[in-house]
Each structure stands twice: as C-alpha cells, then as structure tokens.
Novice: 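Here's a structure for you.
Letters A, B, ... are given to chains in the order of the sequence lines, protein chains preceding strands, and every chain is numbered from 1.
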Amino acid sequence: MRKRMWISVALLLIVPGLILTVSCAKKAAESEPAAVEAEPAPAPEPEATQPEQPAEQEQPDQSAIEAEQLKAQQEERAREAARNLFINEDIYFAFDSAALSDVAQQVLRSKAEWLRQNPDVTVTIEGHCDERGTAEYNLALGERRAQSAKAFLVNLGIDPARLNTISYGEERPVDPRHNEEAWAKNRRVHFTID
Amino acid sequence: MKQNDRYGLELAGNNMKTRFWILISVLAAILAAGPGTRPALAQFDYIDISNPFLRKVPMAVPVFKSFSGSAREKVMAVKLARMLAGNLEFTSYFTILDRGSYLYDPDRSGITAPDINFGNWTVIGAEMLITGGLKLDGDLLELELRLFDTFKQKLIAGKRYRGPVKGRDGMIRRFCSEVIFALTGKRGFFDSRLAFVSNGTGHKEIYVCRFDGKDVRRMTTYKSITMLPDWSADGRHLAYVSYRNGRPQIFIHRLANGRVRSMTKPGIQITPAWRPGRAELAATLSLSGDQEIYLLTAAGKTIKRLTNSRGIDVDPTWSPDGKKVAFVSKRSGTPQIYIKDIATGRVARLTYHGRYNTQPSWSPNGDLIAYSSMEQGQINIYVSDIEGNNPVRLTSDQGDNEAPTWSPDGSLIAFSSTRRGKSRIFVMTRYGTDQRQLIVLDGEQSDPSWSPNTMQ
C-alpha cells in the first residue's frame, strides 16, 4: 500500500510534468520523495512553459488561449490537490477504540464530499493499530476502525459498493518508533483509491 | 517386565512397530504387578509432579561405549551422548552433571547394572545415570540405552534400537520419551515441532523448527504478511493467515507436499484454531462486518456460528477434548477471555483482572489456560485454572511477553518476548522458571505454535 502511495505521488508530479518537460519531472520524483511526502500538494511552476512557446505561431487570440490553458491547469491542479488530500489525510483513534472523534467525523465529511464529486471512484479503507496490544486482537480492532469509517460514509449517502475495507492490524505502522507520538499516528484509518 | 532380555532391554526396531511394543511392555508391567497396585505410577515419585522444576534431578550421561572401538563409532558415541543429555536438559527436570567430574572410563567400564560401580556415581551427586553402547555395521546402527537409579542401583528403563544410521536422532528422541515417561507418566515433547513467524527476509513468513529450536525451515515464500500458524491435531497441516491475495485469508497448508488451500469467505478471516481430534477449525470471520467466531470444516465450509455478540470476538483456543472453546471478546467493554461450552452454549467469563487479556491457550492437560495480559503498557504471560481462579503471572519486567503456546505434555510454554529488544521466541516451564531464548534467527520472530507429538 505504501508502494501505491509512492506511485500516486509520482504520478502527481509526472502528469503535470509531462505538460511541461518530461525530464524535469522525473528528476523531481526520484530525487526528493521525502520532501514530496511532507508537502502533499506541490505546485509545479506553470510559468516555465510560456517562454518556450514558439514566437512564429503567435496569433491575436494567443492571450485568450493562454488564459484558458492556465485555467485548465489550475483546475487540474485543484483536482490533484483534492485527490491528494483524500489519500493523505488519515483519521485517528484513541487506544483500543474504533469510535470516531469530532475531528475524524469532520475529515470523513470532506472525504464524502470528494467521493460525491468523483462518482466513478471506488476506494479501500484501511484500518490500522499501534503496536501495543496483541496481533490477533489488533487485526480485529483494525477492521472495526475501517468499518466505523465506512458506516459513517454510508450514512452520508455514499454507496457501500464503492467502499472496500481491510485491516492491517499492527502490521503496517507509518511511524516505527515505540512512543506515544508514534502510537497516536499509527492508530489510524487510511484511504487508498482502487 | 518379564519379556525383557537379561540386560533389561527391550528390543526395538526403528519402525512403527516400536510404539506397539512399548505399549505391550507397559501393559505387561501393569499386568505383572497384579490388580490393586499402580506400579507404573509408583515410579513417578522421582519427579515431583506438583512442582517438578523446584529441585532438578542430578543426572549423569557419560559418553556411550563403542563396542568395536572404531574411530567412527567413538565419534558417534560422543555425539549421541551429548544429544541425549541436551534433550533431557531441555525438559528442565534435570541437571546434567559435568563430564569432567565422572569417575568413569567408557572404554573400560560396563554399561549394565552388574558392571556399574554405582558408588562412583552417587559420590559425585548423580541420582540418575544413563549409559549407552553402540555398534556400527556399515549403514546399520545398534544402540543400547539404559536409565538407572544410582541410589537404588536399579534399572528404570532400557531399550535397544536397531536401524539405519540416519535414524539415530529419532532413536535418541525415542529413548528420551521413555525416560520422561518412566519418570513422569507423560511422553514429553521430543517428537514435536514449533511453527512461528519470522520477518528475516523482509516479509513475515511461516517457519517450522524442532522442539529445541534447531533445524529451522521456512515453509512459505509469499512475500506478503503471513502469520498466526496453528497445527492440526495430526501434525500434518498448518492453518495460518496470509495477505498474499491482498486481504487476510486463512490458508490450509499440507506439510507433506506443500499444497495450500485458501478459504473463500468475504471479509477478514483470522485466528484459525484446529479442533482437537477433528478436521475442523474455529476462526474469526466478518461475513457481515461484525466479527464472530465460526466452526468451519477444513475446506472452509461453515458448520455453525460459535459466538453471537456485537463487537470483537476473536482468537479461539480449544479444550483438549474439543468440547469447549476459550476466546477473546470485547462484549464487556475491554478485551477479556471467555469460555463457551459448545454443547450447552453456555458462556462464562474467565478473566477479571486488568483491562486487556488476550491470546488464550488451553493446556494439553485441560486444567489450565495461559494468556497474555497488558498492564501499565506491558504485556505479560499468565496462567489460570479454567474457572479463572488464581491467575499467576509467569513473566515480569522484561519487555512484552506474548503469545503463549504449550508443549504437548503441558510442561513447557513457548512465547515471544521483546526483553532483548527485538521480538524473539523464548521457552519456560509452566511455573515460569528456566526462561531462555529458543530460536536464534535473523529478523524478528513471533506467533509461536507448538505441535502435537507427531514428528516421524
């Protein structure tokens, strides 16, 4: 699943990159993955394209076309950012609990909104636990966390057929350290796009 | 034992027949003693069953005698004596006395009672003595082994084995079982194995090793997450959970040919537990989003649902008679252990102390349940009787100690511990004594599961 995240992060860079120059985008994806993860919505420099427009093709309505292109690019970027947020914003839980906090419910409402705007997308809801507790029980607890998130989205009108769930128990921590800060990050539900 | 030869030996071939002959000789011993007495039990006072690990029995295992004196025989005589001593020491019943203290020369001394100077053994403190002699004839090994009480100057058990050299480890294991049977009335665990999980390859895979942690073999190469192995009662199948198809599913792995079958059920499939004596499993499924424990055939067909409560029901373990199942449920708000009687349907709560009791493991004798309990952020292993009275903590102040599993004779408990940083498999007696690391392997190990006594 982590691999999938990298793929989506890489795609995020490559797709707008292709509009600009291919080589530049690749380099960014390979060389600075950590920075990309920290800032989920990087904005490539759109201005870079403009000086490269061949001068001989200049026409009277050039500025209108450019404005249109710019608008399309901005919309595309906004879409990417929203999708990115959907993937990267996890919801968090208290120890040995699958109850949704106020914050978690707020995040889920925005996820429901995104799902409504992207009706063709199906997603997988992953339930995770911290390393405390035992592996067997945490597999069950992780599933309950995923189920809680799913039930909330279904109540908001999302078709349950679009929402798969899976539990990873304590098997896939995002933070491998053994302290409160890490545990709090690891008790989460994470969304991936199928 | 009247049919024994004059050396007090039963002849045992290295084949299936042996077990039959052992049975016959035991029966003969009981019959010979006549009704009203319990001769087989009379011997068991060598080891105090109520607290057998408090005082270890001092035992001497001198180098075996080589009958021909050939170099090859002498090498094997040393090797096999060491193996036998190691196996018996592993039980935690004995202290094997240092060979340097022995007043004994295997080349000159005899190995039968008339030729043994028992005073030479009692003077160094040995209460038990095992002598051995062997003869190698090409590929054929003949091995004689005897257990003596040095104070009573009496033979307790004697066996002669004959078979291919490659069966030597099996002969030693079999005699160890004889020794433990003669002293405790149980067959020990020398024909058992452990399955466990290790992530040394970068992925959690299932491994199997001998009871003593040796001869480690990897059973899966799924490059996924594979965990929670459980042995079938015949020792021929492992059930485990793997994400190899993307979600946690139960797989049945036939060890003889490596054939693997998965169950086709929606939702998660976790914590398989084979029912003793039957090709059935209890396991947690979430068919409709709520986790319940089901009784399943080995092919994954549902026989019946065993739990019915909203919330987590997970981690079943069977009573040895297959009539009851202990499991973990959050029905009272925190994970606690409950016992369900399959026939009556009655459920009783086992654990009341603490707020996190999981991983129940029913002892092979049926009288105890081991489990793990989290208190102040630390997980430790407890043992309680099946009424839930007198829970006793067996580990403390040494990292997390989890996933207890019983040796087939109920004398030892294997578990995972983080006391040295990384998670490792440890073993201890059922009283919590003699805690030691069992398996030395790269990566981290977890989820031990002890097999029945079924190794060939």
Novice: With a 4.5 angstrom heavy-atom cut-off, which part of B:Ile268 approaches chain A: side chain, backbone, both or neither?
Specialist: both
Novice: Taking the six-membered ring of A:Phe95, is NZ or CZ of A:Arg187 closer than 6.0 Å to its centre and within 45° of its axis?
Specialist: no
Novice: Counting only heavy atoms closer than 4.5 Å, note whether A:Leu139 contacts chain B via side chain, backbone, both or neither.
Specialist: both
Novice: Keeping the roles fixed (side chain from A:Asn186, backbone from A:Asp175), state whether a donor-acceptor pair exists under 3.5 Å.
Specialist: yes
Novice: Relative to chain A, which segment of B:Ile312 carries a heavy atom at a distance below 4.5 Å: side chain, backbone, both, or neither?
Specialist: both
Novice: Quick check for you: among B:Asp313, B:Val241, B:Asp290, which has the greatest number of heavy-atom pairs under 4.5 Å with chain A?
Specialist: B:Asp290
Novice: Does the salt bridge (Lys or Arg N to Asp or Glu O under 4.0 Å) test come out yes or no for A:Asp90 and A:Lys185, once each step is laid out?
Specialist: CA-CA 9 Å; A:Asp90 291 347; A:Lys185 280 190 210 165; over 6 Å; no
Novice: With only heavy atoms counted, which part of B:Glu402 is less than 4.5 Å from chain A, the side chain, the backbone, both or neither?
Specialist: side chain
Novice: If you count heavy-atom pairs within less than 4.5 Å of chain B, which of A:Arg132, A:Gln147, A:Arg144 leads?
Specialist: A:Arg144
Novice: With chain A, which of B:Gly311, B:Gly246, B:Pro248, B:Gly267 has the greatest number of heavy-atom pairs at distances under 4.5 Å?
Specialist: B:Gly311
Novice: Among B:Leu281, B:Val325, B:Leu306, B:Thr302, which one satisfies side-chain contact (heavy atoms from CB on, under 4.5 Å) with B:Leu295?
Specialist: B:Leu306
Novice: With a 4.5 angstrom heavy-atom cut-off, could you sort out which part of B:Thr271 is near chain A: side chain, backbone, both or neither?
Specialist: side chain
Novice: Between A:Arg177 and A:Glu181, is a salt bridge (Lys or Arg N to Asp or Glu O under 4.0 Å) present by the stated rule, with each step listed?
Specialist: CA-CA 8 Å; A:Arg177 292 173 304 151; A:Glu181 199 188 334; 3.7 Å; yes
Novice: Taking the side chain from B:Gln336 and the backbone from B:Gly354, do they hold a donor-acceptor pair closer than 3.5 Å?
Specialist: yes
